[in-house]
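So the structure is just underneath, and the comments pick up after that.
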Amino acid sequence: MKIVRKTAVKQVLTEKSKELMREKFSRQRSQLENECRQLDFEKRKLQNKKGISQQEVHKRFQKEIERRENQIKWLDYKLEQLNLLPPGSEITEGEVDEIIEVHEGDNWKEMMGERSIIIKDGIVIRIE
């Protein structure tokens with residue numbers, strides 16, 4: 001029988017990968033800032049229309065703006081932490097699904113134990 005399990009993907013930080021992550025976080029931050037400005041513009045546009053509750057419009061749009069502002073704060077925190085980490089540090093980048101074969105008599109704890117794929121500059125360097 002085949003089953004799917006989660007496997008962590010970790011990245012070994014190098015100066016190159018740190019710079020790529022900084023750029024990625026900065027692009028995401030810019031995108032979120034643009035979305036905030038656009039939402040604010042749309043909010044003001046709708047508030048000037050008659051027959052629409054200004055408080056309801058404000059409440060709905062403000063919720064979305066605050067959600068994006070929180071994401072910006074999270075990205076700022078991640079950038080701070082990235083700057084503190086020395087090259088050679090391992091950070092968890094995400095998870096992938098792994099298909100494994102299960103047979104009668106297999107040790108379940110071994111099969112379902114922690115596994116990870118370690119990447120350095122886009123190259124898999126080891127599987128643990």
Side-chain angles (χ1 to χ4, degrees):
M1 167 190 267
K2 293 181 182 185
I3 62 170
V4 177
R5 74 170 184 182
K6 300 286 184 194
T7 300
V9 177
K10 297 179 182 180
Q11 182 172 186
V12 176
L13 284 181
T14 62
E15 286 304 322
K16 179 181 173 184
S17 64
K18 282 178 76 167
E19 188 56 38
L20 289 172
M21 289 178 83
R22 274 188 209 101
E23 290 172 10
K24 176 182 158 189
F25 293 157
S26 294
R27 277 193 311 274
Q28 289 173 337
R29 191 178 196 290
S30 291
Q31 177 65 32
L32 289 166
E33 288 172 338
N34 287 339
E35 289 175 14
C36 285
R37 283 192 293 274
Q38 182 66 32
L39 285 166
D40 193 48
F41 173 77
E42 293 293 331
K43 177 178 77 170
R44 282 185 274 126
K45 197 166 100 175
L46 277 175
Q47 283 179 327
N48 292 331
K49 284 190 175 184
K50 292 188 180 200
I52 298 176
S53 166
Q54 287 187 5
Q55 289 84 7
E56 187 60 35
V57 168
H58 176 77
K59 188 174 148 184
R60 272 189 28 226
F61 277 88
Q62 200 57 40
K63 182 179 175 183
E64 285 301 314
I65 291 170
E66 286 173 7
R67 188 173 67 80
R68 284 164 178 80
E69 287 172 344
N70 286 335
Q71 289 175 327
I72 289 170
K73 287 177 188 173
W74 178 244
L75 283 170
D76 289 342
Y77 173 76
K78 287 168 73 170
L79 275 166
E80 280 178 33
Q81 295 303 306
L82 182 63
N83 290 329
L84 295 175
L85 291 170
S89 300
E90 284 185 11
I91 60 168
T92 301
E93 197 163 272
E95 286 184 334
V96 293
D97 291 330
E98 177 184 7
I99 298 173
I100 58 172
E101 190 77 33
V102 178
H103 301 284
E104 288 181 22
D106 286 346
N107 184 323
W108 184 251
K109 281 188 178 182
E110 278 182 24
M111 296 188 78
M112 297 311 290
E114 286 278 320
R115 291 211 5 132
S116 54
I117 299 169
I118 314 299
I119 298 171
K120 184 176 182 179
D121 290 331
I123 307 292
V124 175
I125 59 172
R126 69 181 183 272
I127 300 173
E128 301 176 334

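All residue numbers in this chain count up from 1 along the given sequence. Every heavy atom of this structure was used, including side-chain atoms; hydrogens, water molecules and symmetry mates were not.
Closest heavy-atom contact between Lys6 and Asp97: NZ-OD1, 2.8 Å.
One distance of note links OG of Ser53 with CZ of Arg60; it measures 10.0 Å at 0.5 Å rounding. How far NZ of Lys18 is from CD of Glu23: 14.0 Å, rounded to the nearest 0.5 Å. Distance check, rounded to the nearest 0.5 Å: CG of Leu13 to CD1 of Ile91 gives 4.5 Å. For the atom pair Ser17 OG and Lys24 NZ, the distance stands at 11.5 Å (nearest 0.5 Å). Summarising the geometry, atom CD1 belonging to Ile72 is positioned 12.0 Å from atom CD belonging to Glu66; distances are rounded to the nearest 0.5 Å. The line from CE of Met21 to CG of Asn83 is 11.0 Å long, rounded to the nearest 0.5 Å.
Taking a cutoff of 4.0 Å between a charged side-chain nitrogen and a carboxylate oxygen, Glu98 and Arg115 qualify as a salt bridge. Salt bridge Glu128/Arg126: present, at least one basic N to carboxylate O contact under 4.0 Å. In this structure, Asp40 does not pair ionically with Arg37, as no charged nitrogen and carboxylate oxygen lie closer than 4.0 Å.
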Ile125 vs Val12, side chain to side chain contact (heavy atoms under 4.5 Å, CB included): CA-CA, chis, key distance, verdict: CA-CA 9 Å; Ile125 59 172; Val12 176; 3.9 Å; yes
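Defined by atom type and a distance below 3.5 Å, a donor-acceptor pair is missing between the side-chain atoms of Asn70 and Arg67.
Contact of the Ile118 side chain with the Glu90 side chain is registered, since non-hydrogen atoms from C-beta on lie closer than 4.5 Å. Side-chain contact between Asp121 and Gln11 is absent, with no heavy atoms from C-beta onward closer than 4.5 Å. Within the 4.5 Å cutoff, the side chain of Glu64 has no heavy atoms near those of the Glu35 side chain. For the pair Arg29 and Asp76, the minimum side-chain heavy-atom distance is below 4.5 Å. Looking at heavy atoms from C-beta onward, Ile3 lies in side-chain contact with Met112 at the 4.5 angstrom threshold.
Around atom CG of Leu84, more than 12 heavy atoms belonging to other residues, nucleotides or ligands sit under 6.0 Å away. Taking a 6.0 Å sphere around NZ of Lys120, one finds it holds 12 or fewer heavy atoms contributed by other residues, nucleotides or ligands. Residue Glu101 places its CD atom among more than 12 non-hydrogen atoms of other residues, nucleotides or ligands, all under 6.0 Å distant.
Sorted by first then second residue, the ring pair (Phe, Tyr, Trp, His ring centres under 6.0 Å) pairs that include residues 32-87, not counting sequence neighbours, are Trp74-Tyr77.
Under a 3.5 Å cut-off, the side chain of Glu93 and the backbone N or O of Val9 do not form any donor-acceptor pair.
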